[in-house]
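Here the structure comes first, spelled out in structure tokens, and everything after it is commentary.
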Amino acid sequence: MTIQPCIQKRFVREFCGYYDELEKRLASLSHYISFEQSNGLVYSNELLTLLQLIGSEVDVCGKAIAEVSDACPDLDKCNIQKWGFYIQRVIPDMNCIQVQTPIENAYCPWAKFRTEQYVDAKNAIRFRYTKDSSPEGESPEWWRAYNSVKHRRKQLVKPEKSEYESANLKNVIHALGGLYVMEQCFLSQFDAAVIETVLPSSLFQLIDA
């Protein structure tokens, strides 16, 4: 699809610039944590903060891209299943893209992410992960970790159900990789002159199919 030049420039300014700041913040942790698989389960307050920031930006960025679809959906107060349905119209191959990360040679941040529209028993239009695909659609593991930390970082009555440890290096890297893939898929439809203004990533690299 054709992305209007004004939207291209606005996206680079408002979203790519913020991505750069998130990547710099994550990269700075390599001074204290070696970025390798054996440290994937390391967790900390800074990783917790980063996971929340990145997860929130995925939600904001996903809605913004989905709004560009030809359906022009109303995405106020919607969840990932709804904007995920519309973003598939803009970047349909997002769930197939692999990326090289600081801790592995190949990772697919959006694997199995597929949503569909359906009509419920009350004749209302709703959205869900696909039921008839093989495998069935589901949210990324790092997205579930983000939600777990957001809602159940610590528990007072049942501390054993706290999710603080989900804010680990692996989930943070995978979450930022998910944001990177989303933005790169959208950017691939931009004019070459606009793409040239985007700074390259120091942590991730797309893997050619």
Side-chain angles (χ1 to χ4, degrees), residues 11 14-30 33 35 39-68 73 75-88 90-91 94-95 97-104 107-115 127-129 137-155 161-187 201-204 206:
F11 183 80
E14 302 293 341
F15 289 93
C16 297
Y18 186 53
Y19 171 87
D20 292 338
E21 294 304 314
L22 291 172
E23 183 175 280
K24 288 176 186 176
R25 188 161 175 176
L26 175 57
S28 69
L29 294 184
S30 64
I33 308 171
F35 284 6
N39 287 332
L41 299 183
V42 172
Y43 58 93
S44 70
N45 282 336
E46 178 63 10
L47 287 168
L48 169 68
T49 300
L50 270 171
L51 185 58
Q52 291 179 320
L53 289 173
I54 295 166
S56 176
E57 181 63 5
V58 167
D59 197 37
V60 172
C61 186
K63 290 175 183 177
I65 295 174
E67 286 177 341
V68 177
L75 298 177
D76 288 340
K77 298 181 180 179
C78 79
N79 60 24
I80 191 173
Q81 291 165 309
K82 183 175 181 179
W83 64 251
F85 173 78
Y86 289 104
I87 204 173
Q88 292 168 155
V90 184
I91 41 179
M94 186 174 73
N95 62 353
I97 303 300
Q98 294 191 84
V99 64
Q100 183 176 357
T101 81
I103 60 173
E104 60 235 311
Y107 174 67
C108 187
W110 295 98
K112 300 182 183 180
F113 181 73
R114 288 174 290 275
T115 69
F127 302 85
R128 66 188 177 192
Y129 295 111
E138 64 180 26
S139 61
E141 182 180 356
W142 53 265
W143 178 262
R144 297 194 294 272
Y146 157 66
N147 271 316
S148 295
V149 168
K150 181 173 66 173
H151 297 294
R152 298 182 300 277
R153 175 178 62 87
K154 287 293 183 181
Q155 299 286 324
K161 292 190 176 182
S162 297
E163 295 287 347
Y164 181 70
E165 294 180 11
S166 294
N168 57 51
L169 180 64
K170 182 187 73 171
N171 283 330
V172 172
I173 288 176
H174 285 175
L176 190 61
L179 180 60
Y180 173 76
V181 166
M182 177 189 287
E183 293 193 358
Q184 290 298 311
C185 286
F186 191 46
L187 283 166
S201 171
S202 64
L203 296 180
F204 302 100
L206 296 179

Take Cys16 and Leu187, measure what side chain to side chain contact (heavy atoms under 4.5 Å, CB included) needs, and give me the verdict at the end. CA-CA 10 Å; Cys16 297; Leu187 283 166; 3.9 Å; yes
What orientation do Tyr43 and Tyr164 show, parallel under 30°, tilted 30 to 60°, or perpendicular over 60°?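 The arrangement is perpendicular - the two ring planes meet at more than 60°.
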Return the orientation label for the Phe85 and Phe127 ring planes: parallel under 30°, perpendicular over 60°, tilted otherwise. tilted
Go through it in stages, so that I can follow the logic: the residues are His174 and Ile103, the test is side chain to side chain contact (heavy atoms under 4.5 Å, CB included), and I'd like the CA-CA distance, side-chain angles, deciding distance and then a yes or no. CA-CA 9 Å; His174 285 175; Ile103 60 173; 4.3 Å; yes
Roughly how far, to the nearest 0.5 Å, is the [atom2] atom of [Y] from the [atom1] atom of [X]?
X      : Y      : atom1 : atom2 : value
Leu203 : Ser30  : CG    : OG    : 8.0 Å
Ile87  : Glu67  : CD1   : CD    : 10.5 Å
Asn39  : Asn168 : CG    : CG    : 11.0 Å
Ser201 : Tyr180 : OG    : OH    : 5.0 Å
Glu46  : Ile33  : CD    : CD1   : 9.0 Å
Leu176 : Ile54  : CG    : CD1   : 4.5 Å

Do Tyr107 and Phe204 make the cut of ring centroids closer than 6.0 angstrom?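 No, the ring of Tyr107 stays outside the 6.0 Å limit from the ring of Phe204, centre to centre.
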Please tell me whether Trp143 and Tyr146 form a close aromatic pair, meaning their ring centres lie under 6.0 Å apart.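 Yes.
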Quick one about Glu104 and Thr101 (side-chain donor to acceptor, distance below 3.5 Å, no hydrogens or angles considered), yes or no? yes
Between Tyr18 and Glu14, do the side chains contain a donor N or O and an acceptor N or O under 3.5 Å apart? no
Below 4.5 Å, heavy atoms only, C-beta onward: do [X] and [Y] meet side chain to side chain?
X     : Y      : answer
Asn95 : Lys112 : no
Tyr19 : Glu183 : yes
Leu47 : Leu29  : yes

Residue pair [X] / [Y]: nearest heavy atoms and the distance that separates them:
X      : Y      : value
Ala175 : Leu51  : CB-CD1, 4.0 Å
Met182 : Ile91  : O-CD1, 3.8 Å
Gln52  : Lys150 : NE2-CA, 4.1 Å
Ala66  : Trp83  : CB-O, 3.6 Å
Val149 : Ala167 : CG2-N, 3.9 Å
Leu179 : Val58  : CB-CG2, 3.9 Å

Taking only Lys NZ, Arg NE, NH1 and NH2, and the carboxylate oxygens of Asp or Glu, determine whether [X] and [Y] approach each other closer than 4.0 Å.
X      : Y      : value
Asp59  : Lys63  : yes
Glu138 : Arg114 : no
Glu141 : Lys170 : yes

Can any side-chain N or O of [X] pair as donor or acceptor with the backbone N or O of [Y] at less than 3.5 Å?
X      : Y      : answer
Arg128 : Thr115 : no
Asn45  : Leu48  : no
Ser28  : Arg25  : yes
Gln98  : Leu206 : no
Trp110 : Gly178 : yes

Could you check Cys185 against Ile97 for side chain to side chain contact (heavy atoms under 4.5 Å, CB included), going step by step and ending with a plain yes or no? CA-CA 9 Å; Cys185 286; Ile97 303 300; 3.7 Å; yes
Side chain to side chain contact (heavy atoms under 4.5 Å, CB included) between Val60 and Phe15, worked out: CA-CA 9 Å; Val60 172; Phe15 289 93; 3.9 Å; yes
